[in-house]
Amino acid sequence: MSNLNAVADASGQVVVFPLHRRSGAVRVAAAKLLRSRTAAAANRYRHTLAQEKFAELAALGLSEDEQDEAVGAFLTEVEREMAELHYERIRLHV
């Protein structure tokens, strides 16, 4: 497999490294969302990000249910990271 975020197990089943554990991607997405100038811009980015993740998982052969669960967990982790970044900015008065 060329994608380093997925491997095939002994049965040939695709095993994907969980999206929500991809800390670099979570941090980048959270930072971009926090920099969005409007709610509409943030929503557009969130939608684009979700579509990219759905496409990545579909290309790996995951079912729609598996994709929904993985993308939902990723976006939840992004929201958690946003809250942490926001709290840190408040704490540091930045």
Side-chain angles (χ1 to χ4, degrees):
M1 272 194 172
S2 63
N3 187 326
L4 297 177
N5 292 313
V7 295
D9 66 11
S11 69
Q13 181 83 4
V14 174
V15 179
V16 178
F17 187 79
L19 291 178
H20 70 281
R21 296 287 186 202
R22 298 178 187 176
S23 58
V26 168
R27 276 191 229 106
V28 167
K32 284 184 180 181
L33 283 166
L34 285 173
R35 285 192 310 264
S36 296
R37 294 190 182 268
T38 65
N43 286 335
R44 281 191 304 274
Y45 176 69
R46 190 177 285 108
H47 176 77
T48 298
L49 182 62
Q51 294 304 64
E52 289 172 358
K53 298 303 179 192
F54 280 123
E56 176 185 342
L57 297 174
L60 293 171
L62 272 69
S63 71
E64 286 186 22
D65 287 343
E66 291 169 316
Q67 292 174 42
D68 286 343
E69 185 176 326
V71 173
F74 176 78
L75 292 174
T76 297
E77 193 63 18
V78 169
E79 295 293 330
R80 186 201 58 75
E81 180 70 15
M82 287 174 61
E84 284 188 24
L85 289 171
H86 181 70
Y87 172 76
E88 188 66 18
R89 286 179 183 172
I90 291 171
R91 191 177 70 77
L92 296 174
H93 303 288
V94 174

Output all residues satisfying side-chain hydrogen bond (donor to acceptor under 3.5 Å, both in side chains) with [X], sequence neighbours left out; order by chain, then residue number.
{"X": "N43", "answer": "R46"}
{"X": "E77", "answer": "R80"}
{"X": "E69", "answer": "none"}

What heavy-atom pair brings [X] and [Y] nearest, and what distance separates the two atoms?
{"X": "L34", "Y": "R89", "answer": "CB-NH1, 4.0 Å"}
{"X": "E81", "Y": "A30", "answer": "CG-CB, 3.6 Å"}
{"X": "L19", "Y": "F74", "answer": "O-CD1, 3.2 Å"}
{"X": "L85", "Y": "A31", "answer": "CD1-N, 4.2 Å"}
{"X": "V78", "Y": "A29", "answer": "CG2-CB, 3.9 Å"}
{"X": "A42", "Y": "L33", "answer": "O-CD2, 3.3 Å"}

Is there a donor-acceptor pair under 3.5 Å between the side chain of R22 and the backbone N or O of F17?
-> yes

Any chain of hydrophobic side-chain contacts (each under 4.5 Å) joining F54 to V28?
-> no

Mind checking whether K53 and E56 have side chains closer than 4.5 Å, heavy atoms only?
->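 Of all side-chain heavy-atom pairs linking E56 with K53, at least one is under 4.5 Å.
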
Which distance, rounded to the nearest 0.5 Å, do you find between the CD of E64 and the CD of Q67?
-> 6.5 Å

Compute both the distance and the angle, then confirm whether K32 meets the cation-pi test with Y45: under 6.0 Å from the six-membered ring centre, within 45 degrees of the axis.
->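 Relative to the ring axis of Y45, which defines the angle, K32 lies outside at least one limit.
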
